[in-house]
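Quick caveat, the model's predicted, so the values are computed rather than measured.
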Amino acid sequence: MPEKMIPLLPCRTVQPVVDFYTALGFETTFFQKSPYPYAAVERGRIELQFFALKEYDPQQSYSGCYVVTDDVETLHTAFRAGLKAAYGRIPTRGLPRIGPLKDMSYGMRQFLMTDPGGNTIRVGQRISEDQSMRPAPKEIFARALHMADLFADSKEDLPGAAKIIDRALDRTDEHPTPVQELRLLVLRGDIARRLGDEGLAERLLKRAADLPLTDAERKSARDALTRLAELRE
């Protein structure tokens, strides 16, 4: 029999976590309240289990797991639709939340979602046979995007990602391409919103929306433009 690994993830209370995964199309396969709260959910070959800790702080959580799929676009669309139906909107900050699709520097196209327990589930699809971490680009703005994406979506260091982008956008000796500027502004606006700075987020996102782009540039920046539209809803 082939081996199977099932993540056991913490939360403060089980029911909100179960409700979140139910919205994503998961089936609850086990649920108990005593002698201690515990639940298991399953969707296809994805199985997750949760246990409750009364003193657990979801805002300080670093737990999670990585789900590899052959169709990340379909899962992202389905999960967003399920969350919108359950919550009346697509949550993009706070707990719970779901992030945008991105092509990462380690050969994966992925998105992140964080449940009410603070567990971050990364869902990704291979887009390259080379799964090793790519070296950071030497060009200034490509490097800034590369590092900011890693800080925001892998290290989950939002202040660190913000500093990288701010340094790049403040340069006066060199200027990014329109697509680079759009991606930097959208990511920085997203970070500002997640950090609770609505005024800065609105200014950055408006600046991004006002950038003139050619059809080819809009095609190249498809993911950033999709995220921009979500953040401005």
task = Flag the pair D115 / C11 as yes when at least one side-chain heavy-atom distance between them is below 4.5 Å, and no otherwise.
result = no
inquiry  = Count I, L, V, M, F, W, Y as connected when their side-chain heavy atoms are under 4.5 Å apart, and connections chain through other members. Are L211 and V179 then in the same cluster?
reply    = no
ask   = Between T214 and K219, is a side chain to side chain contact (heavy atoms under 4.5 Å, CB included) present by the stated rule, with each step listed?
value = CA-CA 9 Å; T214 66; K219 184 177 180 179; over 6 Å; no
inquiry  = What I'd like to find out is whether the side chain of R109 reaches to under 4.5 Å of the side chain of D223, using heavy atoms alone.
reply    = yes
task = Identify whether the distance between the nearest side-chain nitrogen and carboxylate oxygen of D166 and R188 falls below 4.0 Å.
result = yes
task = I would like to know whether F30 and Q49 meet side chain to side chain contact (heavy atoms under 4.5 Å, CB included); could you show each step before the answer?
result = CA-CA 9 Å; F30 181 81; Q49 297 186 11; over 6 Å; no
ask   = Rounded to the nearest 0.5 Å, how far apart are CD1 of I191 and CG of D197?
value = 12.0 Å
query = So, do E156 and Y62 sit near enough that their side-chain heavy atoms are less than 4.5 Å apart?
reply = no
query = Got a donor-acceptor contact below 3.5 angstrom from the E73 side chain to the T77 backbone?
reply = no
ask   = Around D70, counting heavy atoms of other residues, nucleotides and ligands shown, do more than 12 lie under 6.0 Å from its CG?
value = no
ask   = Take atom CG in D215; do more than 12 heavy atoms of anything else shown fall under 6.0 Å from it?
value = no
ask   = Under the 3.5 angstrom rule, does the side chain of S61 hit a backbone N or O of S63 as a donor-acceptor pair?
value = yes
ask   = Between CG of L169 and CD of Q180, what distance do you get to the nearest 0.5 Å?
value = 11.0 Å
request  = Show your working on side chain to side chain contact (heavy atoms under 4.5 Å, CB included) between E181 and H175 and close with a plain yes or no.
outcome  = CA-CA 8 Å; E181 185 174 3; H175 301 282; over 6 Å; no
request  = Drop me the distance from S105's OG to L145's CG, to the nearest 0.5 angstrom.
outcome  = 11.5 Å
ask   = When you check the gap from the basic side-chain N to the acidic O, do D153 and R122 get nearer than 4.0 Å?
value = no
message = Quick check on side-chain contact (heavy atoms from CB on, under 4.5 Å): which of D170, L204, L187 does I165 satisfy it with?
response = L187
query = Would V68 and M113 show up in the same hydrophobic cluster when neighbours are defined by side-chain heavy atoms closer than 4.5 Å?
reply = no
request  = Test side chain to side chain contact (heavy atoms under 4.5 Å, CB included) on R183 and D149 and set out the steps.
outcome  = CA-CA 10 Å; R183 290 184 60 200; D149 269 335; 3.3 Å; yes
message = I need the single residue from K102, R93, R227 that forms a salt bridge (charged side-chain N to carboxylate O under 4.0 Å, His left out) with D190. Which is it?
response = R227
note = Separation between CG (L213) and CG (L225), nearest 0.5 Å, reads 6.5 Å
ask   = Is there side-chain contact between L200 and R203, with at least one heavy-atom pair below 4.5 Å?
value = yes
query = Between the side chain of T22 and the main-chain N/O of V18, is any donor-acceptor distance below 3.5 Å?
reply = yes
query = In terms of ring plane angle, is the pair F111 and F79 parallel, tilted or perpendicular, where the classes change at 30° and 60°?
reply = perpendicular
request  = Output yes when a side-chain donor or acceptor of H76 lies under 3.5 Å from a complementary backbone atom of G99, and no otherwise.
outcome  = yes
query = Under the 3.5 angstrom rule, does the side chain of R207 hit a backbone N or O of L185 as a donor-acceptor pair?
reply = no
query = Hey, what do you get for CZ (F50) to CG (L8), rounding to the nearest 0.5 Å?
reply = 10.0 Å
inquiry  = If you define the side chain from C-beta out and look only at heavy atoms, does anything of R80 sit under 4.5 Å from I98?
reply    = yes
query = Does the pair K4/E47 count as a salt bridge with the N-to-O cut at 4.0 Å?
reply = yes
task = Evaluate the side-chain proximity of Y21 to I121: yes if any heavy-atom separation is below 4.5 Å, no if none is.
result = yes
query = Taking side chain as C-beta onward, heavy atoms only, is L150 less than 4.5 Å from Y106?
reply = yes
note = Closest non-hydrogen atoms of G124 and V72, given as atom of the first, atom of the second and distance, are CA-CG2, 4.2 Å
task = Heavy atoms only: give me the nearest A86-A23 pair and the separation to one decimal.
result = CB-CB, 3.5 Å
ask   = What closest approach, in Å, do P176 and F141 show between heavy atoms, and which atom pair accounts for it?
value = N-CE1, 3.4 Å
query = How far apart are the closest heavy atoms of V186 and A208, and which atoms are they?
reply = CG2-CB, 4.0 Å
task = Kindly work out whether a path of hydrophobic side-chain contacts (I/L/V/M/F/W/Y, heavy atoms less than 4.5 Å apart) joins L53 to Y38.
result = yes
remark   = Separation between OG1 (T120) and CZ (R97), nearest 0.5 Å, reads 5.5 Å
request  = Look at the side-chain heavy atoms of Ile, Leu, Val, Met, Phe, Trp and Tyr, link any pair under 4.5 Å apart, and say whether L112 and V123 land in one connected group.
outcome  = no
query = Any donor and acceptor pair, going by atom type alone, linking the side chain of R143 with main-chain N or O of K138 inside 3.5 Å?
reply = no
ask   = Just wondering, are more than 12 heavy atoms of other shown residues or ligands nearer than 6.0 Å to CZ in R218?
value = no
inquiry  = Applying a strict under-4.5 Å side-chain criterion to I, L, V, M, F, W and Y, I'd like to know whether L231 and L158 cluster together.
reply    = yes
query = Nearest heavy-atom pair of C65 and L48: which atoms, and what distance?
reply = SG-CD2, 3.8 Å
ask   = Taking all atoms of both residues into account, what is the closest heavy-atom pair of A144 and A168, and its distance?
value = CB-CB, 3.7 Å
inquiry  = Quick one, Y66 and M108 - any side-chain contact, counting heavy atoms below 4.5 Å?
reply    = yes
task = Inspect the contact between E202 and R193 and indicate whether a charged nitrogen and a carboxylate oxygen are less than 4.0 angstrom apart.
result = yes
query = Would you say E27's side chain and T29's backbone share a donor-acceptor pair under 3.5 angstrom?
reply = no
message = Treating N119 as the side-chain partner and P10 as the backbone partner, does any N or O pair qualify as donor plus acceptor under 3.5 Å?
response = yes
